[in-house]
Amino acid sequence: MLNNTIQELLRRSNHLGSNPKYTNFAGGNTSSKGNAIDPSTGESVEVMYVKGSGGDLGTLKDSGLAALYVDRIKALANVYRGVEFEDEMVGLFDYCAFGRSGAAPSIDTAMHGLVDAAHVDHLHPDAIIAFATSVDGPELTKKCFGDEILWVDWRRPGFELGLEISRLVRENPIAKGAILGGHGLTTWAQTSQECEKRSIDAILTAEKFLIDEGKESPFGEISQPLSPQVRLIKAAALAPTLRGIASRDSRMVGHFTDEDIVLKFIGSQSLIRLANLGTSCPDHFLRTKVSPMVINLPITATVEEIIFEAHREHEKYRNNYADYYKRYAGPESPAMRGADPLIILVPGIGMFSYGKDKQTARVASEFYINAINVMHGAESVSTYRPIPESEKFNIEYWELEEAKLRRMPKSKPLQGRIAFVTGGGSGIGKATALRLSAEGAAVIIADRDFKAAVQVVEEVGGPDKAVAVAVDVTDEVAVVAAIHAASLAFGGVDLVVNNAGLSISKPLVDTTTNDWDVQHSVMARGSFLVSREAAKAMIAQKMGGDIVYVSSKNSVFAGPNNIAYGSTKADQAHQVRLLAAELGAYQIRVNGVNPDGVVKGSGIFASGWGAQRAAVYGVEEAKLGEYYAQRTILKKEVYPEHIAAAVFVLCSSDLPLTTGLHIPVDGGVAAAFLR
């Protein structure tokens, strides 16, 4: 059972962290000090519980807390050797740990431990950072807060800052908190409730001050954006190219937003000046890079003109970032992590953000919106001035940040890849979507049955993992819209699984033209349309890709009462060969999987095909799977998960030079061996 100190801390942390007005995602930290029994001595000792490195206040649990002896944290002041030896202090936190488990202490631990107050909050509210990044921040702080909230000049987070805040608390007994220049807010109190109140009061007071004292249009004149419909059409057309630009050094997943605050910023006369100044708060630029890439063209520019300019700007951006690295890197600096932008701004259209996965890309977007809010606030009452570029570099390439990156879990095989699965709402498609997601891919679940697709999204884990689109693959307009939806959701498409299908089993003389047309429309025409539109996105991205056709044993094996289905499967099988030959120039691999007898969990068999095939073979429908298994070499039934496994193998890095291949997944049907 959690002690009262931890319970109070978690309640306060979750409340503060769940409101973006108070702090950003994974930003800030909170702490509480209280007594606990030391298991090794049986004595009561003072322990500090503080949010660990990398955690998120809004979702913080006790497992995300670091626990440390307070007396040992304070005793570290006796061995502290000065600011040039800051980094070694984090390693010493290990010797202050209370208990055997807990999160790794963050760099801000000293600020919490050295302050003589039972409860400390450190947050990154936009309204406060507007003060912290204003040219006359100290004067504004005094005018707004008097002696209750004090000003502290910028100092990199660490032990020295902890000592400085500790002195501030001792020397100013009526003070309730401090604005840290270029950084954020720290408050303290003797009760958890009072500490939380002081944090919230300071934020709301700052907000009111900015409204009451601020200029009405701090960004200056703002041009009107494109209409919502035109914005989305252009954004979808641009997304694959821009994702490719952001992924030259490392494959990224994208996120697009055209929120009102973004449109006002990118349409303002201050855009270039402020964008070039970059973000200030360390939490901001660690996730957005120090500045965005701006494609500064009139909103009347065509998609082709924007793409041309984007490539020009990209080269300039990469050169500027490399120069930034060279200016400040020393012999001990980590290697440059990549020179591509994480934020791309397109006036009139919106903001594209990037990360290793959808959540990271979305959070980068949220952080740049935080930065826009900060600039808006600072410009409304003063002039925006972020911390010096050299300090940004020291944070971005800090060894402690590098250590945090090294602690991150190994990437999954398909991380950073975007999969588009047709017929993904059930059967083989659902099993494939679940497998690709489990391997790290972002997945678009495309199905005529939108409700079924939504259910799969929920099973996968929500919109950061997958999105549902309703699409009839025979409808050209609908297919184009579905690929555009994928581009808006995740930035583009890397991996297509043409799985949508149906089957009607009839003798030749009973097969109608409608039977023939509907099967060829869904599987032959549908696969062609999806492959064509996805290939356009893949070619624009310049990152290669995979197209996998879920064909059938029937594409090469002649069975009775199967003319329409077998013919369209043969069409799909030959599309694999044709597209493999054509798209290889773009490093797009095209392969196929030939299943057979996938009865359990199959949407096709459940919709009547099972009964029809059972009648053909003279067996009970309930025993059709067993019948299929007994006629195979391995005598084992084939399940949707087996097909999904084959799709994954074809798209993984283990078969990088394989294209034009069909893999049988049928338990071994000798008559269907490929020759």
> R243 pairs by side chain to side chain contact (heavy atoms under 4.5 Å, CB included) with which of L238, I344, I418?
Replying inline: I418
> With no hydrogens and no angle check, is any side-chain donor or acceptor of D340 less than 3.5 Å from a backbone partner on D249?
Replying inline: yes
> What residues, two or more places apart in sequence or in another chain, satisfy ring pair (Phe, Tyr, Trp, His ring centres under 6.0 Å) together with F219?
Replying inline: F265, H376
> Could you give the distance from NZ (K412) to OG (S437), rounded to the nearest 0.5 Å?
Replying inline: 7.0 Å
> How are the rings of Y22 and H15 set relative to one another: parallel (under 30°), tilted (30 to 60°) or perpendicular (over 60°)?
Replying inline: perpendicular
>> Strictly distance-based, threshold 3.5 Å: is any side-chain N or O of T23 a donor or acceptor partner for the main-chain N or O of G17?
In response: no
> How far does NE2 of H124 sit from CG of N370, to the nearest 0.5 angstrom?
Replying inline: 10.5 Å
> For Q224, does the CD atom have more than 12 heavy-atom neighbours from other residues, nucleotides or ligands under 6.0 Å away?
Replying inline: no
>> For a 4.5 angstrom cut-off between non-hydrogen side-chain atoms, does H311 reach T241?
In response: yes
> So, the side chain of T474 versus the backbone of V522: is there a donor-acceptor pair under 3.5 Å, distance only?
Replying inline: no
> Counting only heavy atoms not in K542, do more than 12 fall under 6.0 Å of its NZ?
Replying inline: no
>> Testing the 3.5 Å rule here: is there a donor-acceptor pair between the side chains of D571 and Q575?
In response: yes
>> Could you check whether Y384 and S280, counting side-chain N and O atoms only, form a donor-acceptor pair closer than 3.5 Å?
In response: no
> Has Q269 got more than 12 heavy atoms of other residues, nucleotides or ligands less than 6.0 Å from its CD?
Replying inline: yes
>> Test side chain to side chain donor-acceptor pair (under 3.5 Å) on T568 and Q519; report intermediate values, then the result.
In response: CA-CA 7 Å; T568 195; Q519 292 186 90; over 6 Å; no
>> Closer than 4.0 angstrom, basic N to acidic O: yes or no for K316 and E313?
In response: yes
> Would you say K234 and L226 make side-chain contact, with heavy atoms under 4.5 Å?
Replying inline: yes
>> Measuring only between side-chain heavy atoms, which start at C-beta, is I483 closer than 4.5 Å to K536?
In response: no
>> Does the plane of the ring in Y321 sit parallel, tilted or perpendicular to the ring in Y397? Use 30° and 60° as the thresholds.
In response: tilted
>> Are the side chains of F308 and E304 in contact, using a 4.5 Å heavy-atom criterion?
In response: no
> Between T658 and N591, does any side-chain donor sit less than 3.5 Å from a side-chain acceptor?
Replying inline: no
>> Would you say OH of Y586 has more than 12 non-hydrogen atoms from neighbouring residues, nucleotides or ligands within 6.0 angstrom?
In response: no
> Looking only at side chains, do E366 and N24 share a donor and an acceptor under 3.5 Å apart?
Replying inline: no
> Sub-3.5 Å donor-acceptor pair from the side chain of K358 to the main-chain atoms of A489, do we have one?
Replying inline: yes
>> Counting neighbours of CZ on R448 that are heavy atoms of other residues, nucleotides or ligands and sit closer than 6.0 Å, is the number greater than 12?
In response: no
>> Around atom NZ of K465, are there more than 12 heavy atoms from other residues, nucleotides or ligands closer than 6.0 Å?
In response: no
>> For H520, give me all partners under ring pair (Phe, Tyr, Trp, His ring centres under 6.0 Å), at least two apart in sequence or on another chain.
In response: W516
>> Run L274 and E379 through side chain to side chain contact (heavy atoms under 4.5 Å, CB included) and show every step you take.
In response: CA-CA 10 Å; L274 293 174; E379 290 282 306; 3.9 Å; yes
